[in-house]
Amino acid sequence: MQELTHYINGEMVKGTSGRFTDVYNPATGEVQAKVPLATVEELNKAIADAAEAQVAWAATNPQRRARVMMKFGALINEHMEELAELVSREHGKTIPDAKGDVQRGLEVVEVCMGAPSLLKGEYMDDGGPGIDLYAMRQALGVVAGITPFNFPAMIPLWKMAPAIVCGNAMILKPSERCPSTSLRLAELLTEAGLPKGVLQVVNGDKEVVDGILDNETIQAVGFVGSTPIAQYIYGRAATNGKRAQCFGGAKNHMIIMPDADMDKAADALIGAGYGAAGERCMAISVAVPVGQETADKLIEKLVPRVEALKVGPYTAGDDVDYGPVITAASKERINKLITSGVEQGADLVIDGRDFSLQGYENGFFCGPSLFDNVTPDMDIYKEEIFGPVLSTVRTSNYEEALDLIMTNNYGNGTAIYTADGDTARDFAHRVNVGMVGINFPIPVPLSYFSFGGWKKSAFGDLNQYGPDAFKFYTKTKTVTARWFSGIKDGAALNFKAMD
Ligand code: NAD
C-alpha cells in the first residue's frame with residue numbers, strides 16, 4: 001500500500017507522527033493509500049521555514065512571480081491527464097468531470113498570470129496642497145488554505161495561486177480523503193520555478209487545523225468545506241486576530257417557470273443534480289416548479305432521464321455519468337436521509353438506495369433518487385444531502401418560489417429557467433443568494449469574477465479568486481506624502497516670471 005507524504009521545502013517528506021488515515025478507492029471500497037497526519041510540531045516547523053522563504057519571495061517583483069504562474073499553467077496543461085487520473089482515483093468522479101475540476105483551477109492560475117495589473121495600487125495627485133496620496137497592496141506573510149474533498153484540484157488551486165502570486169507563502173492542508181492531487185500540484189509549482197518553502201503541503205486532520213488557527217505566524221486562513229466547520233474556523237481564526245474567509249455548505253434551488261423550455265430545464269437539472277454524484281457545493285438539489293402543470297410536466301421529463309443515468313467507476317470511461325460517493329459513511333448518511341424523506345411523507349419517485357454494481361459490490365455507489373412533493377419542514381429539504389438526490393418542492397406562484405429560497409439558511413447558488421426577461425431580472429435583483437444563474441444551472445463565476453455564497457454558505461468578507469482574492473491576500477498601506485522645497489528651488493536661476 002502506498003504511503004503518502006507531506007510536501008515541505010520543495011520535496012516529498014515522510015510523516016513522523018506515526019498517525020495515518022486511510023485513503024480509499026471509492027469505486028472498490030478498498031484502502032489504496034495511507035496519508036500521514038502531521039503533529040503541531042511538524043506543522044510549526046513547516047510554517048517557520050515558509051516564513052523564511054516568504055521574505056525573498058515577496059521581494060521578487062510581481063512580473064517574475066507571474067512568470068512562475070505562466071510556467072505552472074503550462075505544466076498543468078501538459079499534465080492534464082495525469083492530474084485528472086489522480087483526482088478520479090481518490091474522489092471517484094469521471095475523467096471528463098475530473099478534467100473540469102483541473103480546468104476550473106487552471107483558469108484561476110491564468111488570471112494570476114496578470115498579477116502585476118491586479119496588484120497596482122491607487123494614487124491621487126495633489127490631494128491637498130502639495131500633498132499626494134497613494135495606497136499600495138503588500139503581501140500578508142504566511143497564509144493557510146484548508147480545503148474539502150470534493151474538488152481535489154480546483155479548490156487547492158483557488159487557494160494557492162492567488163495567495164502565492166501576491167507574494168505570500170502558503171500552508172495548504174488538503175482534505176485527508178483526496179490529498180494526492182495537492183501534493184502533485186506542489187511538485188509542479190516547484191518545477192515552474194517557485195522557491196522552496198513558499199508552498200508547504202501539510203497533511204492532517206483537526207489537530208493540524210487547530211495548529212494553523214493558533215499559530216501566530218499565520219496571517220490569514222482561507223477555508224472551504226461544510227458549514228459547521230466553516231463557522232468554527234472563522235470564529236477561532238478571528239479570535240486569534242487572523243483574516244478569515246470560510247466557505248460552507250449549500251442547498252441550491254432552481255425555479256422552473258411555466259414558460260421555461262422544459263427539455264432544457266430537465267437536462268440542466270440532471271447535470272446539476274446528479275453530476276459528480278451530487279457532491280458539488282453548487283449542485284442543484286431542489287427543483288422548484290411554479291404551478292401544478294409545470295411540476296407534472298417536469299417530473300414527466302425527469303423520470304426517463306434519471307432512469308437512464310449510468311453509475312459506475314471512472315475506469316469505465318464514457319459508459320458512466322457519475323461515480324461513487326466519497327465514503328461508506330457518506331453513502332449510509334444519504335440513504336438514511338432518503339428513508340427519512342419517505343417517512344416524512346415525500347413521494348420517492350425513483351429510489352436509488354438499493355443500487356449495486358456487479359464486480360463493485362463494496363464500492364460506495366448510490367443510485368439516483370428523485371423526490372416529488374417535498375415540503376420545507378422535511379429533513380431532506382433542510383439538510384445538505386451531498387448525494388445524487390433531487391427533491392422537488394411544488395409552488396403555486398413566483399413569489400412563493402422566491403420566498404422559499406429567501407428563507408432558506410443557505411445562499412450559495414441558485415437558478416431560474418424562464419423565457420421572460422422581466423421575471424429573470426427581478427429574480428437576480430431580489431434573491432439573497434451569492435451566485436445566480438439565468439437559464440444556467442451551475443453559475444460558478446468565471447475566474448476573472450469572484451466566487452462566494454451568502455447566509456450560512458460563507459463567513460467573512462471578500463470572495464474566492466478573481467479581484468477579491470487579490471484584496472484578501474494583500475493588505476493596504478496608504479501613504480500621504482508632502483515634500484518641502486529642496487533642490488528644485490535652490491537650483492532656480494531667476495526665471496520666476498509667475499511670482
Ligand atoms: P469538511 O468540512 O468535512 O472538511 C473540510 C476541511 O476541514 C478538510 O480539510 C478537513 O480535514 C477539515 N476538517 C474536518 N473536520 C474538522 C474539524 N472538526 N476541525 C477542523 N478541521 C476539520 O468538508 P468536506 O466533507 O471535505 O467537503 C464537503 C463540504 O464542503 C460540503 O458541505 C460542500 O457544500 C462544501 N463545499 C463548499 C464550497 C464553497 O465554496 N462554498 C465548495 C466546495 C465544497
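Throughout, residue positions are numbered sequentially from 1 according to the sequence presented. Just so you know, ligand 1 is whichever comes first in the structure, and atom 1 is the first atom listed for that ligand. In this text, all values refer to a predicted model and were calculated from it rather than measured experimentally.
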For this session: Just grab all the salt bridge (charged side-chain N to carboxylate O under 4.0 Å, His left out) pairs involving residues 328-342, residues at least two apart or on different chains.
Result: E332-K336
For this session: Could you check whether the rings of Y24 and F364 sit parallel, tilted or perpendicular, using 30° and 60° as the cut-offs?
Result: perpendicular
Exercise. Identify the closest protein heavy atom to atom 28 (C) of ligand 1: which residue and atom is it, and at what distance?
Worked result: F386 CE2, 3.6 Å
Seminar exercise, completed: E176 heavy atoms within 4.0 Å reach ligand 1 at atoms 10 (C), 11 (O)
For this session: Among all protein heavy atoms, pick out the one at the shortest distance from atom 22 (C) of ligand 1; state its residue, atom name and that distance to 0.1 Å.
Result: I229 CG2, 3.6 Å
Exercise. Does F149 have a heavy atom less than 4.0 Å from any atom of ligand 1?
Worked result: yes
For this session: Enumerate the residue pairs fulfilling salt bridge (charged side-chain N to carboxylate O under 4.0 Å, His left out) with a member in residues 431-440, sequence neighbours excluded, ordered by first and then second residue.
Result: none
Exercise. Hey, is T227 one of the residues with a heavy atom under 4.0 angstrom from ligand 1?
Worked result: no
Problem set entry | Closest candidate by heavy atom, reference atom 36 (N) of ligand 1, pool P174, A458, C281 | C281
Exercise. Do any non-hydrogen protein atoms sit less than 4.0 Å from atom 9 (O) of ligand 1?
Worked result: yes
Exercise. Would you call E279 a ligand 1 contact, heavy-atom distance under 4.0 Å?
Worked result: no
Exercise. Does K173 make a cation-pi contact with F223, if we ask for NZ or CZ under 6.0 Å from the ring centre and within 45° of the axis?
Worked result: no
For this session: Could you label the plane-to-plane angle of the F386 and F149 rings as parallel, tilted or perpendicular, counting under 30° as parallel and over 60° as perpendicular?
Result: perpendicular
Exercise. Where is the tightest heavy-atom contact between V311 and P368, given as atom of each residue plus distance?
Worked result: CG2-CD, 4.1 Å
Exercise. Taking the minimum heavy-atom distance to atom 37 (C) of ligand 1, which of P148, A230, G249, G248 ranks first?
Worked result: G248
For this session: Answer yes when E42 and K45 have at least one side-chain N-carboxylate O distance shorter than 4.0 Å, and no when they do not.
Result: no
Problem set entry | Contact check, Q464 vs ligand 1, heavy-atom distance below 4.0 Å | yes
Exercise. Would one find an N or O of K173, backbone or side chain, under 3.5 Å from an N or O of ligand 1?
Worked result: yes
Problem set entry | salt_bridge(K196, D49) N-O dist < 4.0 Å | no
Problem set entry | Location of contacts on N150 toward ligand 1, heavy atoms closer than 4.0 Å | side chain
